[in-house]
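A short write-up of the structure that comes next.
Predicted model only: the values in this text are computed from it and were never measured. Per chain, numbering begins at 1; letters A, B, ... match sequence-line order.
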Amino acid sequence: MNFRRFFVQEKYIPQSVEEKWQERWEARKSFSVTEDPAKKKYYLLEMFPYPSGKIHMGHVRNYSIGDVMARFKRMRGFNVLHPMGWDAFGMPAENAAIQNNCHPAAWTYENMAYMRGQLKRMGFSYDWDRELATCDVEYYRWEQQIFLRMYEKGLAYKKTSYVNWCPSCETVLANEQVEDGGCWRCDSEVKQKELDQWFFRITAYAEELLECTHRLPGWPERVLTMQRNWIGKSFGCEITFKLEGRDEGIVVFTTRPDTLYGATFMSLAPEHPLAATITTPGQQEAVAAFVEKIAKSDRAGRTADDLEKEGVWTGAFCLNPLTGGRMPVYLANFVLMEYGTGAVMAVPAHDQRDFEFARKYRIPVEVVIQPDGEPLDPATMTVAFTEVGTMVNSERFDGMKSDAAKEAIADHLAAAGIGKKSINFRLRDWGISRQRYWGNPIPIIYCDLCGVVPVPEADLPVTLPTDVLFTGEGGSPLARLDSFTSVPCPVCGRAARRETDTMDTFVQSSWYFLRYCCPDLTTAPLDKARAGYWMSVDQYIGGIEHAVLHLLYARFFTKVLRDLGYVDVDEPFTNLLTQGMVIKDGAKMSKSKGNVVDPNSLIQRYGADTARLFSLFAAPPEKDLDWSDQGVEGSFRFINRVWKLVFEILPFITGATALDREKLTEEGKGLRRIVHKTIRKVTDDIEGRFHFNTAIAAIMEMVNALGAFEPKNDPRNAALLREALTALVTMLAPFVPHAAEELWEGLGNTGSLAECSWPSFDPAAAADEELVVVVQVNGKLRDRITVPVSASEEEIREAALSAERVQSFMDGKSLLKVIVVPGKLVNIVVA
RNA sequence: GCCCGGAUGGCGGAAUUGGUAGACGCAAGGGACUUAAAAUCCCUCGGUCGUGAGGCUGUGCCGGUUCGAUCCCGGCUCCGGGCACCA
């Protein structure tokens with residue numbers, strides 16, 4: 001034996017061990033995969049990172065969780081696809097360009113190179129051959145093709161709309177990207193601006209997106225609930241109200257047709273097209289002022305809690321279709337053009353907003369639903385009555401329960417041609433235009449003669465130009481670059497100009513998981529056959545903050561690609577694991593809080609295995625993880641303990657022959673039982689519920705038992721100890737792969753543990769011969785008895801009743817009942 | 001306001017289907033080794049009463065169901081997340 005080598009092994013030096021195995025894995029291409037119809041595939045994916053500079057603890061946690069699953073599934077015989085890439089377009093690159101006078105591409109690619117090094121240094125088992133970056137023209141060119149096909153189908157379209165505008169980022173924000181009236185990235189106050197924008201028609205898929213949430217049993221229920229709420233399907237009725245003295249009418253959507261008899265006024269959104277046309281000359285000035293004021297206030301303000309209800313009368317009236325009553329038409333600040341029809345029939349008695357509005361502007365309140373008990377009086381009401389009650393003042397519907405009247409009145413309106421049942425969604429189309437440079441150019445050309453002309457597919461890609469000036473002012477740099485914008489019209493050949501908007505980065509992350517199946521394909525975005533082999537993603541892992549946006553867009557995009565004929569997949573992610581945040585000192589780790597732990601310093605001090613082990617051991621994945629420096633220390637100590645134990649036992653097992661169960665000592669059988677029980681528990685914890693913390697705890701218990709086991713040097717125990725150490729090292733492989741590999745080699749094995757099988761447990765070896773049964777008297781624990789596993793219920797009952805301590809508690813009392821729970825406890829009820 | 005989570009020792013957490021509350025780890029205290037320290041190893045470790053055996057008590061609070069409740073039900077408090085004039 002090489003003495004020097006032995007010496008190195010004796011002490012755990014993570015850095016050298018880790019680098020050694022990382023090189024070997026890379027040289028052996030241990031984690032590269034191809035489609036193999038003979039093997040069961042398993043597609044494991046973690047949300048890819050934005051290349052912001054360096055990895056943070058959230059990444060370490062996310063990717064450690066994923067790597068456990070990837071390595072575990074590989075050891076279980078699956079053909080595991082475990083790719084990694086970069087969500088590489090985005091504003092920080094452009095901001096860095098403005099601040100540091102460096103090109104966004106240079107900044108991004110440098111960051112990617114650095115972070116790739118960090119991920120490799122963590123020992124994550126990725127198939128790096130499939131690495132992709134969304135800012136690479138070989139990626140985004142295909143997205144342009146998809147855009148064009150969506151445009152052909154009307155799934156990508158343009159419309160003028162008021163949008164959330166971040167003056168700092170100089171870009172449009174989706175409604176969901178506005179947080180508390182501020183930009184979700186930079187926190188600047190969001191303004192309203194009218195722009196011509198590109199949209200994806202996600203609303204065309206609202207029904208399917210909603211329906212499929214009921215067929216995703218592998219998703220956390222709360223994520224599905226959030227998505228359902230986001231889509232927001234509601235059943236109701238569209239009703240037309242005739243305008244007095246005009247031919248046109250106002251169409252409203254309502255979920256409460258039962259309250260129609262109580263509608264006493266009408267509210268329109270200030271942006272409603274009718275607002276301008278119906279306003280009477282006398283009200284012109286007031287209406288104009290009101291509209292102006294609303295346009296200035298930001299959208300966030302309009303949806304704020306404490307917004308004072310405000311409105312203005314247009315001077316016009318419409319008619320209640322059932323009562324014929326005259327209803328003044330108001331514009332109201334709380335009515336949104338985006339939802340429903342932008343018009344609300346107002347029923348002050350039975351809607352709180354309408355009630356407050358009516359009181360403020362002295363509009364009559366008409367009660368049409370009475371609660372059980374004390375009847376409502378419009379003159380004295382202080383809040384609206386919104387529950388189910390009995391219909392009144394509603395002609396032929398009087399006396400009905402209001403929930404039944406909903407249906408009845410809707411039918412009546414339909415029959416009379418005044419209204420129809422309808423379904424409304426809260427979901428709005430996805431605005432994808434960004435007035436930014438560092439994104440995927442939208443492949444469209446504007447010609448004065450031919451109008452909007454899609455770039456012919458043969459002319460793709462529309463490549464991002466590199467000679468761009470970044471000043472941070474005046475919107476998109478692309479728009480000022482004549483060499484980019486000037487282009488002949490593909491139809492008529494005359495001078496035309498390019499679209500300068502780029503696509504939202506959520507577009508790239510909506511299909512990257514499909515591209516991983518064929519990242520090298522140069523003739524099309526996707527290979528149906530290869531995607532067919534790998535998709536869907538069996539396990540997707542990422543932060544809960546993406547519960548709605550990214551995960552809904554990715555589902556939508558997958559369905560679109562299916563309908564465009566690219567793939568045969570309905571849903572992208574079969575199982576979803578949403579991991580919690582990394583917390584330190586009671587707050588989310590962030591630069592601004594100054595509580596960031598740098599993975600580099602951890603690796604330097606303890607090695608990647610310790611960083612991985614701690615992030616897995618401290619909490620189950622779905623919960624927030626409380627960072628603790630002492631906890632890291634503890635994880636490091638554990639690896640050292642294992643290390644020392646293996647090398648302590650090693651000399652005694654080198655000559656071990658095959659294990660003979662018959663020749664085991666009693667102590668040996670006991671240890672073997674622990675080993676096989678541990679294998680069972682660790683397997684269940686990883687596979688069934690992702691509870692790596694309890695799996696690791698079980699391994700720790702086994703290590704403690706091994707350490708306490710004596711005598712280690714008895715030749716009769718050699719085979720047993722070899723089995724135990726082999727199981728130990730193999731089970732550690734998904735958690736601390738480098739140390740496990742080195743110990744595996746130390747045990748005399750060649751090759752790589754990464755290519756070995758997960759241990760199976762022997763039920764016979766794991767089975768107990770006797771067990772402890774708890775004895776309670778009146779539900780209180782009084783004694784424990786040890787009985788053979790084979791003991792019958794009757795035998796256990798007798799043993800429990802005759803136990804000495806039990807007797808003393810039963811003394812002088814009469815026995816009422818004995819409950820025997822096999823294998824667990826006996827409860828004796830006395831009085 | 002609505003919806004969804006959560007609350008267990010000094011701390012992170014465990015108890016998987018209503019059946020032994022506190023596994024495992026951290027911190028703390030005591031001891032061994034050491035000239036000393038670090039490292040390592042051993043012991044103790046929810047509260048309370050008791051010399052001890054052991055008793056009582058204890059999973060945010062109040063009540064209920066049950067032989068038995070951290071777990072189920074009703075009411076409340078606090079914390080976190082999501083949504084919000086959604087007609």
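- Counting non-hydrogen atoms under 4.0 angstrom, A/N704 reaches the backbone sugars and phosphates but no base.
- Residues meeting the side chain to side chain contact (heavy atoms under 4.5 Å, CB included) test with A/A766, sequence neighbours left out: A/H676, A/K677, A/R680, A/F761.
- The residue A/T255 sits close only to the backbone: its heavy atoms come under 4.0 Å of sugar-phosphate atoms, none of a base.
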Which atom pairs, one a donor and one an acceptor, fall under 3.5 Å between side chains of residues 777-785 of chain A and the rest of the protein, sequence neighbours left out?
from	atom 1	to	atom 2	distance (Å)
A/N778	OD1	A/V830	N	2.9
A/N778	ND2	A/V830	O	3.3

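- Nucleotide B/C41 has B/G31 as its partner under the Watson-Crick or G-U criteria, with both atom distances under 3.5 Å.
- Within the 4.0 angstrom heavy-atom criterion, only backbone atoms of the sugar-phosphate kind lie near A/F809; the bases stay farther away.
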Produce the list of close N/O pairs, under 3.5 Å, pairing protein atoms with atoms of nucleotides 18-22 of chain B; give distances to one decimal.
from	atom 1	to	atom 2	distance (Å)
B/U20	O2	A/R784	NE	3.3
B/U20	O2	A/R784	NH2	2.7

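- The side chain of A/R222 approaches B/C4 more closely than any other nucleotide in the set B/C56, B/A23, B/C4.
- If you check B/C71 for Watson-Crick or wobble pairing at under 3.5 angstrom, you find it has no partner at all.
- A syn base is found at B/G9: its glycosidic angle is within 90° of 0.
- Here A/H550 pairs with A/Y540, A/H546 under the ring-ring contact (aromatic ring centres under 6.0 Å, His included) rule; sequence neighbours left out.
- Legend: residues meeting side-chain hydrogen bond (donor to acceptor under 3.5 Å, both in side chains) with A/K406, ordered by chain and number and at least two apart, are absent.
- In terms of the side-chain hydrogen bond (donor to acceptor under 3.5 Å, both in side chains) criterion, A/R61 has no residue partners (sequence neighbours excluded).
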Enumerate all atom pairs, one protein N or O and one N or O from nucleotides 45-50 of chain B, separated by less than 3.5 Å.
none

Write out a two-atom table: protein N or O, nucleotide N or O from nucleotides 6-13 of chain B, distance below 3.5 Å.
from	atom 1	to	atom 2	distance (Å)
B/G12	O2'	A/A618	O	2.8
B/G13	O3'	A/N693	ND2	3.4

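- Enclosure of atom NZ in A/K360 by more than 12 non-hydrogen atoms of other residues, nucleotides or ligands within 6.0 angstrom is indicated.
- Here A/Y361 pairs with A/E310, A/Y330, A/F357, A/I363 under the side chain to side chain contact (heavy atoms under 4.5 Å, CB included) rule; sequence neighbours left out.
- With sequence neighbours excluded, the residues that form a side-chain hydrogen bond (donor to acceptor under 3.5 Å, both in side chains) with A/T683 are A/W758.
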Sequence neighbours left out, cut at 3.5 Å: what donor-acceptor pairs do the side chains of residues 340-354 of chain A make with other protein atoms?
from	atom 1	to	atom 2	distance (Å)
A/T341	OG1	A/V251	O	2.7
A/H350	ND1	A/F385	O	2.8
A/H350	NE2	A/V368	N	3.1
A/H350	NE2	A/I369	N	3.2
A/D351	OD1	A/R353	N	2.9
A/D351	OD1	A/R353	NE	3.2
A/D351	OD1	A/D354	N	3.1
A/D351	OD2	A/R353	NH2	2.7
A/Q352	OE1	A/A384	N	2.9
A/Q352	NE2	A/E356	OE2	3.3
A/D354	OD2	A/V347	N	2.9

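- Nucleic acid contact class of A/R805 (heavy atoms, under 4.0 Å, all strands): sugar-phosphate only.
- Pair assignment for B/G58: none, as no Watson-Crick or G-U wobble contacts are both less than 3.5 Å.
- Using a 4.0 Å heavy-atom criterion, one finds that A/G634 contacts the sugar-phosphate atoms exclusively.
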Could you run down the sub-3.5 Å N/O contacts of the protein with nucleotides 39-42 of chain B?
none

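- Checked by distance alone, A/K780 brings no side-chain donor or acceptor within 3.5 Å of a matching partner on the base of B/U57.
- Nucleotides B/C2 and B/U8 place their P atoms 25 Å apart, quoted to the nearest Å.
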